Amino acid sequence: MPVNRISRLGIVNAYLVEEDDGLTLVDTMIPRSVKAILSAAGGREIKRIALTHAHGDHIGSLDALVAELSGVEVLISGRDARLLAKDMTLDAGEPDAKLRGGYPGADARPTRTVEAGERVGSLEVVASPGHTPGHVAFLDTRDRTLYCGDTYSTLGGVATTAKVNPRFPLPGLATWHGPTVLESAKALRALDPARLAPGHGKVVESPAAAMDAAIARGA
Ligand SMILES: [Zn+2]
């Protein structure tokens with residue numbers, strides 16, 4: 001199944017995932033991306049929006065899309081739903097690290113929060129905290145495409161966001177807790193994905209070796 005990537009400026013991505021009942025949109029990119037997203041959908045119905053995390057370059061067009069698409073489901077982890085509502089408090093058991101990157105919040109609220117192991121159509125929700133406290137990835141169990149959000153970036157080479165990649169520093173600079181990203185990067189590698197579809201950069205086929213190298217550099 002071909003990966004349907006939508007990109008703004010070649011830098012920030014969203015994805016359309018085909019399901020029997022319509023499309024799932026993974027992330028919404030920066031503000032003013034509605035036209036690009038609807039044009040990529042080509043008239044097919046977007047049934048649900050699944051968010052990897054609450055940073056502004058992933059939720060930027062959420063409110064505009066919810067206004068445009070009547071009845072669309074909005075799915076995000078319970079933890080990042082709080083950041084979507086601009087609740088910036090940390091939980092007692094969490095690393096006491098500074099929340100970084102832009103959290104503009106949104107008026108939209110999730111119609112359902114999702115947790116690891118749950119399904120969004122053909123996508124399995126995979127916990128991958130670290131870049132944000134409640135970051136999740138989505139694994140398409142039909143073809144093992146991994147929508148990895150910002151746990152990995154492929155812009156300027158496959159890298160984890162545990163450390164700042166000098167060739168594309170943005171996602172690393174927005175990371176909350178690097179050591180937790182690294183653990184999540186290992187957990188995603190263990191899924192043995194067939195392709196890596198990140199929030200930033202191109203889709204990478206057969207990414208195992210590149211992920212291993214990225215983990216080694218991120219340690
Ligand atoms: Zn991010």
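Every number for a ligand or one of its atoms is a count from 1 in the order of the listing. Only a predicted model underlies this, so the values are computations on that prediction, with no experimental measurement involved. Side chains included, hydrogens not; waters and symmetry mates left out as well; all remaining heavy atoms used.
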Less than 4.5 Å apart, any side-chain heavy atom of Pro95 and any of Trp176? yes
Over 12 foreign heavy atoms within 6.0 Å of CG, Asp96: no
Heavy-atom check, side chain of Arg100 versus side chain of His131, under 4.5 Å: no
Check the Zn ion (ligand 1) and write out every protein N, O or S atom at under 2.8 Å, as residue and atom. His53 NE2, His55 ND1, His131 NE2, Asp150 OD2
Looking at the rings of His135 and His55, which for Trp means the six-membered one, are their centres under 6.0 Å apart? no
Within the supplied structure, the quantity of interest is the number of heavy atoms (other residues, nucleotides, ligands) at a distance under 6.0 Å from Arg44 CZ; does it exceed 12? yes
What I want to find out is whether Arg142 reaches Glu19 closely enough, with some N-O distance under 4.0 Å, to be called a salt bridge. yes
